[in-house]
Every structure is written in structure tokens, then in C-alpha cells.
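Values below: every heavy atom of this structure, side chains too, minus hydrogens, waters and symmetry copies. No experiment lies behind these values; they were computed from the predicted model shown. Positions are given from 1 along the sequence.
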Amino acid sequence: MMNENILIIGGYGTVGSVISRHLSELFPNKIIVAGRDFPKAERLAKELNGRVSPVKFDVLTEKNSMILAHIRLVIMCVDQKDTTFIENCISKGIHYIDITAENDFFKKVQLLHEKALLNNAKVLLSVGLAPGISNLLAQNVINRSPNCTEVDLYVLLGLGEKHGDAAYKWTFGNIHSCYTVSTGPHSEQIKSFRRPQTTDLSGKRTFFSFNFSDQHILSKTTKVKKVMTRLAFDSRFLTNFIAALRMIGITKIFNNPVIQKALLFVFKNISFGSNVFAVKAVATTSERKIRESILIGHNESLMTAYMTVLSVSELLDSPSKGGIFHIHELVSDIPLFLEKLKEYDSSVTIQL
């Protein structure tokens, strides 16, 4: 039927294939899986008994917009160099979800807000772990803390889970980064893997500052202007070892392409931990009262896929006519939304 199809670009990858599988059950014969590797898209279509249609398409090079004919929603599972394709979707009134976590890309997309409003196109960002679950937990503690003045986010990542090259390179590249965060009325430049803070999240451990995009987004889209995100790995030894290297300035080696290539081989072939992940949001009020929200699970890639699947109905059913949204700006009932994740993974534990 006209304008009822869902186009998933990169829909046969690690995350995309899970999204395609679940959405094909919810919207049978209305899912189009597109990407540069047509044989992979075709194999997935066969695995799903023809519930999805495979199409060859390279979003980075192809400017032909014919693929957008009869599309209601696009889900983007690959990184892009610019916003050309998103602008094309918006101009046609097509809704859009992007699973990227890149803050620089978010900034470019945010500039399209007025255009999205004008064309009644809803664009949803921050649908993964951080940003994504972290945004929702943060918004939840803010909602429950009327006099909230600051939010601290803690992200725990398991080193046993395997990721794509881009995810590893992004992590390596940010170990030695400097970035600016809001500290209230002012902003401050800080270094990654500094600012240690100890908290209990799957056991007591120390977390360090890291350039996740959620802290930048939340300080601009909520009433709380002081937000900081910290990272720890499930290996306490490796977390503290990296922090020690950062303190003496040696972590710049993580930006070296040769070192990155060697690390890619090591992390993709040797398991250093589990596939656990956890996120904790802590709100502090002007009276120094504390409120916490926690979510713990396994397999970050699967969770990103489940978050995206749930976000589809949130986006399509939202009364908002158009604009650029992050997940915490669109979900009206955060506890209910997070509880629905258990329908996909019963091992998830939530404390709100």
C-alpha cells in the first residue's frame, strides 16, 4: 500500500538484522532491507521467509531517491558523512530513525528541525544504550526530582561482547579526547578517563569521564544543565589501567592507526570479559537529595535493536507533527517503555 513501507538501511548487519527480524513480524511484507551488500540482504530475506524485500543501495554514494517511493519510515543502521539523505527524507515527509551515537552528527541533524516541522517529518535520534537508555533513565530521575540540579550517568560495558570496527575505533579514539560539558551556567573542557567517581553498579567500581553524546544532549534538552557521563569496563583492572595511562599522557597511542589495527585484532579474537552492560542515572537536588534509576542487561547490540523496534511505535503513534527528537523527548511513559524491553529480553533488570 502507498506510503506504508519501512526501509531499513543496513538492515542485514549485527543490529539491523535483529531490527528487520522483529519488525517483519509486526509489519509483514512491508519491510525493505537495503544496503551495499545485496547478497546479504537477499539471504536475510530468505531466512525470514520472504517477509522482507531485499534492495541494493549505497546511502553514501547513490543520490537516486527512487528508493524512497512509498516509504513511511526509514531506519538508518549505517554511519553517514553528511545529512543529504536525511534532508531528502524530510523533504518528502518521511519519518526517520537513526541508531548512530555520534554527537557531531546529531548537531548537524538538529539544524534540520524547522524543515522537519514544515514537512511533518519526525526524526528520532538516541535510540541505543548511551545515548538511548541513558537518556530515558536520566529523564526519569529528573521527572521524579522537582528540584534536580545535576545528573550523573554511569555506563558499564562488557569487554566480552564483539562489535564492528567503527564502534571499536570510536572507543579507542575517545580514550585520549578532550571535550566540553555544561557545568550549569558555564561550560568546562575536560579530559576523558579523568574525574574518577565510585558507585555501585554490578558491584562497586570506579567510573571515569567519557565523551558519550547523552551528556551534551541532556544539558540542552532538559531543565538540568549540569550532566556528566562516566565509563567503566567490566574488567576493573583494565579500566584502572587505562586511567593510569591517561594520567601520564600515554593514551595518545590509542589514536595511532597501527595501534588501533592491532587492538581491533585482539579485541575481536580474544575475550576479556562478559557481555554485560549497565546504565545508572543519579539525580541530585538543590537539597542534596539523591534519586537513582538503573538498568542492567546483556548484549548491547541486541538492546540497541530492541530499543529501535520499540521506538518505531513511539514515533509513528506520537501526536507530534514533526521535528527532531531524542528518545527522552518522545517517550511519554518511560517506566512502561523500559518494561517493554523485558518482552524481548527477560534477563533485563530495572530499578526505577
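- Side chains of His95 and Arg72: no donor on one and acceptor on the other come within 3.5 Å.
- Here Glu343 does not pair with Lys340 in a salt bridge; the nearest charged N to carboxylate O distance is not below 4.0 Å.
- At least one side-chain heavy atom of Leu218 sits less than 4.5 Å from a side-chain heavy atom of His328.
- No option in Arg230, Lys280, Lys226, Gln215 other than Arg230 meets the side chain to side chain donor-acceptor pair (under 3.5 Å) test with Asp152.
- Within 6.0 Å of atom NZ in Lys225, more than 12 heavy atoms from other residues, nucleotides or ligands are found, so the atom counts as buried in its surroundings.
- With rounding to the nearest 0.5 angstrom, the CG atom of Asn103 is 10.0 Å from the CD atom of Gln110.
- The aromatic rings of Phe57 and Phe85 lie tilted to each other, with the angle between the two planes from 30° to 60°.
- Every residue meeting the ring pair (Phe, Tyr, Trp, His ring centres under 6.0 Å) condition with Tyr306, not counting sequence neighbours, appears here in chain and number order: His22, Tyr344.
- The pair Lys30-Glu4 meets the salt-bridge criterion, since a charged nitrogen lies less than 4.0 angstrom from a carboxylate oxygen.
- No side-chain heavy atom of Leu156 sits less than 4.5 Å from a side-chain heavy atom of Phe233.
- Across all their heavy atoms, Leu117 and Gly322 have their closest contact at CD2-O, 3.1 Å.
- Using bins of under 30°, 30° to 60° and over 60° for the plane-to-plane angle, the ring pair Phe210/Phe193 lands in the perpendicular bin.
- Evaluation of the side-chain contact (heavy atoms from CB on, under 4.5 Å) rule for Thr180 yields Ser187, Gln189 as partners, not counting sequence neighbours.
- In this structure, Phe106 has its ring center no closer than 6.0 Å to that of His216.
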